[in-house]
Each structure stands twice: as C-alpha cells, then as structure tokens.
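No experiment lies behind these values; they were computed from the predicted model shown. Lettering of chains follows the sequences in order, A, B, ..., and the numbering in each one begins at 1.
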Protein chains: 2
Amino acid sequence: MPRSKSARPRVYSINELSTLCDVTPRTLRHYEDMGLLNPERQGAKRLYHERDRVRLQLILRGRRLGFGLKDIQDMLDLYDADPTEVTQLKDVIRRGDAKLLELQTQVEALQAIITEIKELRSVMKNRLDHITKGGE
Amino acid sequence: MPRSKSARPRVYSINELSTLCDVTPRTLRHYEDMGLLNPERQGAKRLYHERDRVRLQLILRGRRLGFGLKDIQDMLDLYDADPTEVTQLKDVIRRGDAKLLELQTQVEALQAIITEIKELRSVMKNRLDHITKGGE
DNA sequence: CAGCAAATTTACGTGAACGTAAACACAGTT
DNA sequence: AACTGTGTTTACGTTCACGTAAATTTGCTG
C-alpha cells in the first residue's frame with residue numbers, strides 16, 4: 001500500500017494557489033509586498049507550500065471579518081514569534097491578551113446587532129400576522 | 001417636582017452631535033450624502049434629533065465591525081421599511097434572515113480566531129513557565 | 001531556435017470613507 | 001459697519017486594498 005501521504009500537490013504556483021483560494025495573483029503579490037506572505041523562490045518565480053496556504057487562509061478569514069492588513073499582520077506575528085527570550089514571550093502573551101479583548105468586544109457588538117435584528121424580525125412578523133389574519 | 005423629562009438637549013447642532021459621538025462634522029455630512037442620515041433643516045443648518053443620534057450609533061457600531069456603508073444602509077433600511085405593505089414586511093423579514101445568517105457566520109469565525117489565540121497563549125505560557133522554573 | 005504560456009516587475013487607476021482647504025453665508029455682539 | 005463664531009457647499013487630496021495594463025523574462029515544446 002504505497003504512496004505514504006498527501007493526494008494534494010504540497011507546492012503551488014501563484015496561479016494554482018490563487019485559483020485554489022479564490023483570490024487573484026495580484027492579491028498574493030500584494031500580501032507579499034505587505035510582508036504577510038513569504039513564499040520560496042525558484043529563480044524569480046514564487047513557490048507556495050502548505051504553510052503559505054494556511055497563512056493565506058488565516059489572512060482571508062481576517063479580511064472577511066473586516067480587519068485591515070496591518071491588523072492581520074499583528075495577529076500573524078503572534079504565531080510567528082519564536083521567542084526564546086523571556087521578555088519576548090511575555091510580550092507575545094500580552095499582545096495576545098490585548099487582541100483577545102478586542103475580539104471579544106467585537107463578538108459582543110455583533111451579538112447585539114443579532115439580537116436587534118431578531119427583535120425587529122419578531123415585530124415585523126407580528127404585524128404581518130395581524131394584517132393577514134385580523135386586518136381588512 | 002417639575003421638569004418632566006430629559007436632561008439632554010433633544011436636538012443637536014452638527015458640532016454638538018459630532019463631539020458627542022466622537023466623529024467629525026465631515027463624517028456626518030458624508031453619511032447624509034450617502035443617504036444614511038436625514039437631519040431636519042432650519043434654513044441651511046442641520047438639526048439632529050434623538051432619532052438621528054440613535055441611527056448614528058447604529059452606523060458607528062456597524063462601522064466598527066468592518067461593514068461598508070452600503071451594507072449598513074441595508075440594515076438600516078430594515079428599520080425604515082413601510083410596515084403597512086405586506087410585501088415589504090415579508091421582504092424585511094427575508095432580508096433580515098439573510099443578514100442573520102451572515103452575522104452568525106461572522107460570530108463563528110471570530111470565535112474560531114479567539115480559540116486559536118487562546119491556544120497559542122497557553123503554548124506560550126507553558127514555554128514561559130518551563131524556562132523560568134525548570135530551564136537553565 | 002522560434003514560439004508560446006506562465007510568470008515577473010513597474011506603475012498608474014479605482015472605489016470607499018473620509019480629510020482638508022477654500023470661499024461664502026448668516027447671526028449675534030461690540 | 002466690522003468682527004467672530006458656526007455653519008454651508010464645492011472640490012481636490014489621501015489611505016487602503018487591490019485592479020489593470022505594459023513591458024519584460026523564464027521555461028518548455030515543437
């Protein structure tokens with residue numbers, strides 16, 4: 001029973017990865033310019049590994065949540081830090097905690113909106129029922 | 001014991017409201033240009049009522065969550081729809097439900113990030129403890 | 001080696017969400 | 001009447017996150 005692992009490529013050209021993740025090549029280059037991605041190079045050409053793909057997914061998720069690229073950068077930096085220094089470790093934890101507070105605030109705000117829309121929905125539904133049943 | 005209600009102004013000039021809500025007058029005019037606000041006019045001057053202030057808060061909350069103004073427009077429209085028309089009522093409910101799905105997806109994505117950062121935090125904390133207690 | 005697809009860099013363009021400056025209007029002092 | 005404060009419109013400027021076009025370069029393939 002051969003072929004020990006992976007049906008998937010392991011490496012991607014810029015076009016492959018952009019197709020796979022539904023972004024344009026331009027976007028991938030832009031993220032690289034901004035320092036969010038750092039693909040290997042073979043000559044001049046970019047070679048993306050699984051690691052890069054995962055990072056990209058993280059970036060895209062952040063983007064869907066309305067974060068700017070700098071902000072996403074901050075979060076990715078948390079993962080990248082390879083801190084052997086105690087002060088750096090503490091710093092990563094501190095920055096992580098700060099992000100957590102922001103994020104939890106965001107969740108609360110979102111849930112407030114959700115609650116409001118649900119309430120609105122119920123108001124509208126009552127009106128609707130009133131009109132179509134009792135009304136003229 | 002008089003003064004039946006409200007210690008607060010009830011109406012605001014553009015500068016008052018912008019100060020109160022921590023935005024610039026330009027922003028208020030911009031939101032008006034985009035159709036998000038519709039303050040009364042006294043001559044040429046804008047007069048904001050409580051209703052406008054509440055709308056502004058909704059807008060700002062949406063903005064903090066990374067929504068575009070058009071998207072915020074959509075959500076505000078839910079509140080504004082004429083509630084005597086059955087078709088409009090149904091439409092509001094339908095669009096509200098669609099928004100709810102989006103929002104709940106967003107909450108889940110946010111919570112995924114929160115979980116990841118928490119896990120990362122625990123990894124970092126372990127390293128830190130290991131170094132400061134057992135390590136060299 | 002000619003030709004072609006896939007990639008590259010360079011650089012200007014774009015839409016969103018305002019910032020910022022200029023020029024004008026009006027209302028109430030002084 | 002002139003000054004000051006608060007507001008107005010008009011319009012160009014800016015940042016972000018890419019889009020888009022142009023001009024190469026690279027790596028095969030016939």
Distance in angstrom units between Y48(A) OH and dA6(C) C1', rounded | 13 Å
Look only at the side chain of E40(B) and the backbone of L47(B), and say whether a donor-acceptor pair between them is shorter than 3.5 Å.
-> no
To the nearest Å, how far apart are H30(B) NE2 and dT15(D) C1'?
-> 14 Å
State whether T24(B) places a side-chain N or O below 4.0 Å from either non-bridging phosphate oxygen (OP1 or OP2) of dG19(C).
-> yes
Length of the CG-P vector between D74(B) and dA16(C), whole Å = 13 Å
Relative to the 5' end of DNA chain D, which residue comes earlier, M34(A) or A44(A), by the nucleotide with the nearest heavy atom?
-> M34(A)
Is a side-chain N or O of D129(A) found less than 3.5 angstrom from the main chain of N126(A), in a donor-acceptor match?
-> no
Under 4.0 angstrom between R29(B) side-chain N/O and dT20(C) OP1 or OP2 | no
Determine whether the side chains of Y12(B) and E50(B) contain a donor N or O and an acceptor N or O closer than 3.5 Å.
-> yes
Within this structure, what is the CG-to-P distance between L17(A) and dT8(C), rounded to whole angstrom?
-> 12 Å
Take atom NZ in K125(A); do more than 12 heavy atoms of anything else shown fall under 6.0 Å from it?
-> no
Hey, is the side chain of Y31(B) poking within less than 4.0 Å of OP1 or OP2 on dC18(C), counting only N and O atoms?
-> yes
Check the distance between dC18(D)'s P and D22(A)'s CG and give it to me in whole angstrom.
-> 13 Å
T27(B) side chain near dG19(C) phosphate (N/O to OP1/OP2, under 4.0 Å) = yes
OP1 or OP2 of dT8(D) less than 4.0 angstrom from a side-chain nitrogen or oxygen of R46(B), does that happen here?
-> yes
Would you kindly give the CZ-to-P distance between R26(B) and dT14(D), to the nearest whole Å?
-> 15 Å
Give one of base, sugar-phosphate or nothing for G68(A), where a contact means two heavy atoms less than 4.0 Å apart.
-> sugar-phosphate
For P25(A) and for K70(B), locate the closest nucleotide of DNA chain C by heavy-atom distance; then report the residue assigned to the nucleotide nearer the 5' terminus.
-> P25(A)
Taking CD from Q42(A) and C1' from dT8(C), how many angstroms apart are they, rounded to a whole number?
-> 15 Å
Nearest to the side chain of K45(B), which nucleotide is it out of dT9(C), dC18(D), dT6(D)?
-> dT6(D)
Rounded to the nearest 0.5 angstrom, the CD1-NZ distance for I93(A) and K90(A) is 9.0 Å
Would you mind reading off the distance between L47(A) atom CG and dT8(C) atom C1', rounded to a whole angstrom?
-> 14 Å
